[in-house]
Amino acid sequence: MWTCPKCGRELSRQDQDHYCGKAPETIDEYIAAQDEVVQPRLIEVREILRAAIPDAEERISWAMPTYWKGRNIIHFAASKKHMGLYPGSEATTAFADELKDFDVSKGTIRLPWNKELPTELIQRIARWCYEEYTD
Ligand SMILES: [Zn+2]
């Protein structure tokens with residue numbers, strides 16, 4: 001691991017190319033700012049969410065990639081050991097049975113980088129959030 005002295009980000013290789021500047025303002029910038037090892041997974045979850053809720057707008061909110069329609073519907077974010085999916089606690093309660101094999105707490109689903117994404121489940125959760133949280 002190497003910590004960039006300018007932005008403080010932890011990267012896998014010394015002097016690794018990365019987005020080294022202001023806070024990301026778009027999902028493209030956010031993904032580009034992450035370790036390149038995890039970028040394909042972030043692109044994958046973005047595609048899953050876009051397909052599930054194509055009417056939602058992509059933006060950055062709470063410093064995370066966010067799907068928005070009148071209010072925040074669902075976020076995702078990269079952490080060191082996992083990708084966080086943030087559908088809200090109403091959603092994690094509604095899907096509790098299907099999420100029992102995942103690391104879930106208070107509206108957060110932690111998806112380990114080394115496991116395949118549960119595409120179909122993520123899409124159903126995103127659609128559920130869209131239906132529940134928008135007018
Ligand atoms: Zn940097």
Side-chain angles (χ1 to χ4, degrees):
M1 292 293 274
W2 172 70
T3 303
C4 173
K6 269 198 235 161
C7 66
R9 229 165 245 136
E10 287 189 321
L11 300 153
S12 50
R13 295 194 318 274
Q14 173 120 26
D15 296 323
Q16 184 175 320
D17 278 346
H18 63 285
Y19 187 82
C20 185
K22 61 179 171 39
E25 288 173 3
T26 64
I27 295 185
D28 284 324
E29 287 180 2
Y30 181 93
I31 292 173
Q34 308 307 314
D35 194 318
E36 63 192 24
V37 172
V38 304
Q39 287 181 15
R41 264 289 139 86
L42 296 169
I43 292 165
E44 194 184 340
V45 79
R46 181 190 197 179
E47 294 303 323
I48 291 169
L49 292 171
R50 263 178 166 169
I53 46 174
D55 288 348
E57 181 186 307
E58 291 189 313
R59 54 167 67 181
I60 298 291
S61 182
W62 300 101
M64 292 183 280
T66 300
Y67 288 77
W68 184 91
K69 178 92 190 260
R71 57 163 282 181
N72 291 337
I73 297 165
I74 191 165
H75 313 267
F76 66 90
S79 293
K80 204 179 274 181
K81 295 209 172 104
H82 61 262
M83 172 159 56
L85 193 65
Y86 304 89
S89 53
E90 298 99 318
T92 52
T93 301
F95 285 86
D97 280 354
E98 293 184 78
L99 289 169
K100 63 183 184 311
D101 296 331
F102 294 88
D103 182 2
V104 177
S105 64
K106 282 191 230 153
T108 301
I109 304 164
R110 297 183 194 86
L111 301 162
W113 293 121
N114 60 1
K115 281 200 187 156
E116 269 187 49
L117 293 175
T119 303
E120 191 264 342
L121 180 58
I122 292 171
Q123 290 195 322
R124 279 193 292 117
I125 291 172
R127 282 194 210 105
W128 186 93
C129 293
Y130 186 88
E131 295 297 325
E132 290 292 316
Y133 300 158
T134 63
D135 296 326

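We number each residue from 1, following the sequence as shown.
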Check [X] against [Y] and note the closest heavy-atom contact, atom names and distance.
X   : Y   : answer
P24 : A33 : CG-CB, 4.3 Å
P87 : T92 : CG-CG2, 4.0 Å
W2  : Q16 : CZ3-N, 3.7 Å
A23 : E29 : O-OE1, 4.3 Å
P65 : Y30 : CG-CD2, 3.4 Å
T3  : G8  : CG2-O, 3.6 Å

Does the side chain of [Y] come within less than 4.5 Å of [X]'s, by heavy atoms?
X    : Y    : value
W68  : I73  : no
E90  : C129 : no
L111 : P118 : yes
L99  : I109 : yes
Q39  : E44  : no
M83  : L117 : yes
D103 : K81  : no
Y67  : H75  : no

* Just checking, any donor-acceptor pair under 3.5 angstrom between side chains of T66 and N72? -> no
* To do: Apply side-chain contact (heavy atoms from CB on, under 4.5 Å) to R110 and S105, showing your working.
  => CA-CA 9 Å; R110 297 183 194 86; S105 64; 2.9 Å; yes
* Asked: Is a side-chain N or O of T134 found less than 3.5 angstrom from the main chain of Y130, in a donor-acceptor match?
  -> yes
Are [Y] and [X] co-members of a hydrophobic cluster defined by side-chain heavy atoms under 4.5 Å apart?
X    : Y    : result
W113 : L85  : yes
I53  : F95  : yes
L49  : V104 : yes
L11  : I31  : no
L42  : Y86  : no

Would you call [X] and [Y] a salt bridge, taking side-chain N to carboxylate O under 4.0 Å as the test?
X    : Y    : value
D135 : R71  : no
E58  : R50  : yes
E116 : R41  : no
E120 : R124 : yes
K69  : E57  : no

Rounded to the nearest 0.5 Å, what separates atom [atom1] in [X] from atom [atom2] in [Y]?
X    : Y    : atom1 : atom2 : answer
M1   : R9   : CE    : CZ    : 12.5 Å
T108 : F102 : OG1   : CZ    : 14.5 Å
K106 : S89  : NZ    : OG    : 9.5 Å
K115 : D101 : NZ    : CG    : 8.0 Å
I43  : Q34  : CD1   : CD    : 11.0 Å

* **Atom CG of D17: over 12 foreign heavy atoms under 6.0 Å** => no
